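The next block holds one structure in the form of structure tokens; read it before the comments.
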Amino acid sequence: MTEQTERAHTIPATRALRRGRFRWRVATFLVFALLILALVGRFALPGGGETDHIARLVVNGTIATDPARLEAITRMAEDDNVKAVIVAINSPGGTTAGGEELYEALTKLRERKPVVVTIAELGASAAYMTAVAGNRIFARNLSIVGSIGVYYAHVDAGKLMRNIGVDFQKVQTGPLKAEPDIDDPLAGEVRQSLQGLVNDSYQWFVDVVAARRGIHRNDVLSLADGRILTGRQAIAAGLVDEAGGEAEAIAWLDDQFKVDPDLKVVTHYPFPENELKQLLRLTGSSALSMIGLGNTGTMALDGLVSLWQAENLAD
């Protein structure tokens, strides 16, 4: 092989190596820049400023546990400039643990600030569990409310696996460890165990609704078969207090707690993106894309779920 031929073979490889090194250097620089901007943003983006205001907590989409949201609720409770909190819900629900976390956090917040809830299009399942923590619940006449209940989903793919010749086996420490199997139906002791899990969470949910809404437990049970209600029906059943939205919620805060209706309403969570936050997001996204990583998109819900129309989340 001549010297000229060797050069022809080595130059493309060298160029590729240099391009790879360059990309990693740029990605490393962007990551460090992102960390610096994040530290700056932590101090440059306060929740609500230094003047009196009404805080807004937005609960949109599928609910799961969220440490950042908990921190935001704690800050609202400790901020003397926050005179009241509006919880703006538009959610089909989510995990039972996520709903419980929100309910407990808002209950503690309610001990220090007036908390009023508004339900837009949807406030079902774990989202309704969240709503009952407030002092007052407003919903639109045609909002979807309710779906009080809990479920555990399992897919039995046994027939499919047998048809394609797949045999699923495992070694376990007890008969209920890592059950149910993907190739078996829910039956026997496994089903009984999971039913007990669902029932316990369901009873807690029913008790919370009965206590917070002042409804006899038997009356709650008659509504807690998973059904959904319009806002009008929910008001008649005692699950919602009044028809309305944020304007009506502010008027109620003025009437009941003497909160100035002219106070600015400031979103504390999630904090609206400004130029700095957009830069942080775009820089992070660019760095991940450069090294071949990206957002996978879908959030999986593991464990017990209190969610209306969960199958729609697969789209």
Side-chain angles (χ1 to χ4, degrees), residues 38-61 63-91 94 98-120 122-123 126-140 143 208 211-213 240-278 280-281:
L39 289 173
V40 172
R42 183 173 181 86
F43 298 99
L45 299 174
E50 299 301 323
T51 59
D52 291 350
H53 61 280
I54 298 171
R56 183 192 293 116
L57 174 72
V58 178
V59 180
N60 276 350
I63 293 172
T65 57
D66 185 344
R69 186 177 58 211
L70 280 182
E71 183 181 349
I73 294 173
T74 300
R75 287 200 304 267
M76 282 185 260
E78 296 172 349
D79 188 346
D80 291 335
N81 293 310
V82 173
K83 300 306 176 183
V85 177
I86 295 175
V87 181
I89 293 177
N90 194 3
S91 166
E100 179 197 359
E101 178 183 84
L102 261 172
Y103 171 80
E104 297 290 354
L106 293 176
T107 296
K108 293 178 181 178
L109 177 62
R110 192 184 69 242
E111 295 172 356
R112 303 183 64 174
K113 316 275 183 180
V115 176
V116 61
V117 175
T118 62
I119 295 174
L122 188 57
Y128 183 70
M129 184 190 298
T130 299
V132 298
N135 295 98
R136 194 79 168 171
I137 302 176
F138 289 83
R140 295 298 177 187
S143 297
V208 163
R212 287 295 306 145
R213 298 304 304 166
V240 169
D241 294 298
E242 292 185 54
E246 188 163 285
E248 289 76 12
I250 292 172
W252 181 83
L253 287 168
D254 177 27
D255 181 62
Q256 296 295 315
F257 291 92
K258 306 307 177 187
V259 175
D260 185 353
D262 294 326
L263 287 179
K264 185 178 180 181
V265 180
V266 179
T267 299
H268 279 237
Y269 183 89
F271 199 86
E273 281 195 346
N274 60 12
E275 291 82 359
L276 177 57
K277 279 208 159 186
Q278 290 174 7
L280 291 174
R281 176 171 53 80

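Given the structure is predicted, the values throughout are model-derived calculations rather than measurements.
Within the 4.5 Å cutoff, the side chain of Val116 has no heavy atoms near those of the Asn135 side chain. Side-chain contact between Leu106 and Arg110 is absent, with no heavy-atom pair separated by less than 4.5 Å. Here the side chains of Val58 and Thr267 are in contact, with some heavy-atom distance below 4.5 Å. Within the 4.5 Å cutoff, the side chain of Trp252 has no heavy atoms near those of the Asp241 side chain. Using a 4.5 Å cut-off on side-chain heavy atoms (C-beta onward), Arg69 and Leu57 make contact. For the pair Thr118 and Val87, the minimum side-chain heavy-atom distance is 4.5 Å or more. Inter-residue side-chain proximity for Tyr103 and Thr130 is flagged as unmet; no heavy-atom pair is nearer than 4.5 Å. Side-chain contact between Val208 and Val132 is present, with at least one heavy-atom pair separated by less than 4.5 Å.
Residues Ala55 and Met76 share a closest heavy-atom pair of CB-SD, 3.7 Å. When all heavy atoms of Ser91 and Gly61 are compared, the pair lying nearest together is OG-O, 2.6 Å. The two residues His53 and Lys264 have their closest heavy-atom pair at CB-O, 3.2 Å. Closest approach of Gly134 to Arg212, counting heavy atoms only: O-NH2, 2.8 Å. Closest approach of Ile63 and Gly99 over heavy atoms only: CG2-N, 3.9 Å. For the residue pair Phe138 and Ala249, the shortest heavy atom distance occurs at CE1-CA, 3.8 Å.
Separation of atoms CG (Asp80) and CG (Asp52) is listed at 9.0 Å; rounding is to 0.5 Å. Note: Leu109 CG to Leu70 CG = 11.5 Å, rounded to the nearest 0.5 Å. Atoms CD1 and CG, on Ile250 and Asp255 in that order, are 14.0 Å from each other to the nearest 0.5 Å. To the nearest 0.5 angstrom, Glu246 atom CD is 10.0 Å from Leu253 atom CG.
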Please report the C-alpha distance between Arg75 and Glu71 in whole Å, then the side-chain angles of each, then the deciding distance to 0.1 Å, and finally whether the salt bridge (Lys or Arg N to Asp or Glu O under 4.0 Å) criterion is met.
CA-CA 6 Å; Arg75 287 200 304 267; Glu71 183 181 349; 3.2 Å; yes

Using the side chain to side chain contact (heavy atoms under 4.5 Å, CB included) rule, take Lys83 and Leu263 through it: C-alpha gap first, then chi angles, then the decisive distance, then the call.
CA-CA 9 Å; Lys83 300 306 176 183; Leu263 287 179; 3.9 Å; yes

Starting from the C-alpha separation in whole Å, work towards a yes-or-no answer on side chain to side chain contact (heavy atoms under 4.5 Å, CB included) for Val259 and Asp254.
CA-CA 5 Å; Val259 175; Asp254 177 27; 5.6 Å; no

Please report the C-alpha distance between Arg136 and Val117 in whole Å, then the side-chain angles of each, then the deciding distance to 0.1 Å, and finally whether the side chain to side chain contact (heavy atoms under 4.5 Å, CB included) criterion is met.
CA-CA 6 Å; Arg136 194 79 168 171; Val117 175; over 6 Å; no

Give the intermediate values and the outcome of side chain to side chain contact (heavy atoms under 4.5 Å, CB included) for residues Asp66 and Tyr269.
CA-CA 11 Å; Asp66 185 344; Tyr269 183 89; 2.3 Å; yes

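Judged purely by atom type and a 3.5 angstrom limit, Ser143 has no side-chain atom pairing as donor or acceptor with the backbone of Leu122.
A salt bridge does not link Arg112 with Asp79: every distance from a Lys NZ or Arg NE/NH1/NH2 to an Asp or Glu carboxylate oxygen is 4.0 Å or more.
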